[in-house]
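What follows is a set of notes on a single structure, which appears directly below.
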Amino acid sequence: LGNISEGLTFEAVDLTAKASLRPSTIAGFAIENGSIDGDLRNDLLTIRTFDVKGRDLDLSAMGKLALNESDESDLKFQADTPSLDGVGTILDKPLKGIARIDGTVTGNKRELKASGNLNGNGVAYGSTSALTMTTKYDARVENLEFGHAQVTAETAATFVTLAGQNINELSAKTEYNDRQINFEATAKQAERSLTTSGSLLLHPDHQEVHLRQLDLAAQNSRWQLRTGTQPAIQYGGDIVSVDRIELVSADQAVTASGGFGDSEKQLTVGLENLDLATVDAVLLRQPQF
């Protein structure tokens with residue numbers, strides 16, 4: 001450690017490490033065995049061997065990670081878990097299923113890039129679940145400011161349970177940047193499909209969704225956002241506010257505005273020229289109206 005009177009930084013560290021792990025517990029994870037061999041010098045992390053195997057998580061990595069502006073990263077990593085239950089217990093999250101993530105890191109301090117794949121089977125988070133899930137991701141971080149990372153992902157999932165709905169196929173493109181998620185998603189059921197796009201803004205006290213597109217098709221009916229409208233929905237603290245959603249199908253229209261969640265809110269819903277038979281079609285049930 002050099003110049004530590006000026007503060008402990010990566011630049012001050014010159015490190016060579018070799019370690020062999022016997023059965024251990026690290027950060028709550030049970031480790032069966034492991035082998036680590038690497039250097040940290042001049043802000044360049046060189047990993048010759050990193051293999052850690054445990055009951056619930058296997059990790060491996062090899063290559064170089066450049067935390068300076070003169071070298072280039074070439075780091076490959078992989079993590080497998082046969083049971084997300086154990087990972088969820090450590091993170092205090094209701095996780096279940098099998099998952100694997102792999103990737104390659106390139107670039108350096110000016111801009112680190114990571115790309116790879118995430119695959120899951122029988123994955124669940126609380127009441128949301130998917131039989132299979134595959135995600136291709138790309139991430140970028142400038143000047144090691146991980147709080148301002150930019151992440152894009154393409155995800156496909158089958159037999160999804162979401163918000164009480166059983167969805168045969170779900171595909172989505174998402175882009176995260178500075179506490180905002182832009183999304184395009186399509187959900188398909190046997191006789192019904194939904195395509196939507198917009199953005200999700202993550203505020204400290206509430207979330208806010210801005211819809212650019214909403215297209216619901218069921219049997220012979222089709223509902224869309226009224227042309228030229230981009231409604232916003234805010235939710236947080238058990239309060240939901242709606243900035244006038246207008247869904248139209250030919251000359252039919254359904255509108256909603258206002259909110260609910262406390263005594264000062266009221267939600268106003270309007271129906272115009274509504275063919276009640278389309279309600280049964282959208283709900284995928286036998287005709288009742």
Side-chain angles (χ1 to χ4, degrees), residues 57-61 63 65 73-82 84 87-88 91 93-107 111-142 145-190 192-202 207-217 224-225 230 233:
L57 188 65
D58 288 356
L59 302 172
S60 63
L65 179 62
S73 301
D74 183 13
L75 176 67
K76 300 183 185 301
F77 64 89
Q78 179 178 306
D80 293 90
T81 175
L84 284 169
V87 178
L91 301 177
K93 301 293 183 182
L95 295 174
K96 293 182 179 298
I98 301 170
R100 170 179 175 168
I101 185 172
D102 61 66
T104 301
V105 180
T106 58
E111 184 180 61
L112 282 175
K113 306 173 189 176
S115 60
N117 301 279
L118 171 64
N119 299 292
N121 290 282
V123 177
Y125 180 84
S127 60
T128 301
S129 63
L131 179 62
T132 65
M133 181 187 71
T134 60
T135 297
K136 180 180 179 181
Y137 68 88
D138 288 280
R140 298 172 181 265
V141 177
E142 295 182 357
E145 295 180 358
F146 294 96
H148 297 285
Q150 301 177 30
V151 183
T152 60
E154 296 184 12
T155 300
T158 61
F159 298 103
V160 177
T161 300
L162 177 65
Q165 292 292 316
N166 295 320
I167 300 169
N168 295 2
E169 299 177 35
L170 176 65
S171 60
K173 295 181 179 179
T174 54
E175 177 182 313
Y176 173 82
N177 185 16
D178 196 21
R179 301 184 65 82
Q180 177 172 316
I181 300 174
N182 297 318
F183 63 86
E184 299 177 12
T186 299
K188 295 181 179 180
Q189 296 174 306
R192 181 170 57 182
S193 66
L194 173 67
T195 299
T196 184
S197 66
S199 58
L200 169 62
L201 280 66
L202 306 175
Q207 272 57 257
E208 187 173 334
V209 178
H210 293 260
L211 292 175
R212 293 190 296 270
Q213 176 193 14
L214 192 151
D215 190 328
L216 174 63
Q224 298 174 299
L225 287 177
Q230 293 191 13
I233 304 170

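Residues: numbered from 1 along the sequence shown. In what follows, every heavy atom counts, from backbone to side chain, and hydrogens, waters and symmetry copies are set aside.
Side chains of T132 and T134 form no contact here, defined as non-hydrogen atoms less than 4.5 Å apart. T196 has its side chain out of reach of Q213: every pair of non-hydrogen atoms, C-beta onward, lies at least 4.5 Å apart. Between K173 and S197, the closest side-chain pair of non-hydrogen atoms is not below 4.5 Å.
Distance alone, capped at 3.5 Å, is enough to place a donor-acceptor pair between the R179 side chain and the L202 backbone. Under a 3.5 Å cut-off, the side chain of T155 and the backbone N or O of T135 do not form any donor-acceptor pair.
Note that the CD atom of Q189 and the CG atom of L170 stand 10.5 Å from one another [nearest 0.5 Å]. Interatomic distance, L112 CG to E145 CD, rounded to the nearest 0.5 Å: 12.0 Å. How far CE of M133 is from CG of N121: 9.0 Å, rounded to the nearest 0.5 Å. Rounding to the nearest 0.5 Å gives a distance of 4.5 Å between NZ of K113 and CZ of R140. Separating the CD atom in E175 from the CD atom in E184 is a distance of 9.5 Å, to the nearest 0.5 Å. Here the CG-CD distance, from D215 to Q224, works out to 4.5 Å after rounding to the nearest 0.5 Å.
Closest approach of T104 to F77, counting heavy atoms only: N-CE2, 4.1 Å. Across L59 and A79, no two heavy atoms sit closer than the pair CD2-CB, 3.4 Å. Pairing each heavy atom of I98 with each of P82, the nearest pair is CG1-O, 3.4 Å. Scanning all heavy atoms of the two residues, the minimum distance from E169 to I167 falls at O-CG2, 3.1 Å. Closest of all the heavy-atom pairs between R212 and F183 is NH2-O, 4.0 Å. Residues A190 and N168 come closest through the heavy atom pair N-ND2, 3.7 Å.
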Report task. Could you check D80 against D102 for side chain to side chain contact (heavy atoms under 4.5 Å, CB included), going step by step and ending with a plain yes or no? Result -> CA-CA 9 Å; D80 293 90; D102 61 66; over 6 Å; no
Query raised in the report: What's the verdict on side chain to side chain contact (heavy atoms under 4.5 Å, CB included) for N117 and K136, showing C-alpha distance, side-chain angles and the deciding distance?
Result: CA-CA 5 Å; N117 301 279; K136 180 180 179 181; 4.0 Å; yes
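Evaluated for a side-chain contact (heavy atoms from CB on, under 4.5 Å) with S171, the options T158, T195, T186 yield exactly one hit, T186.
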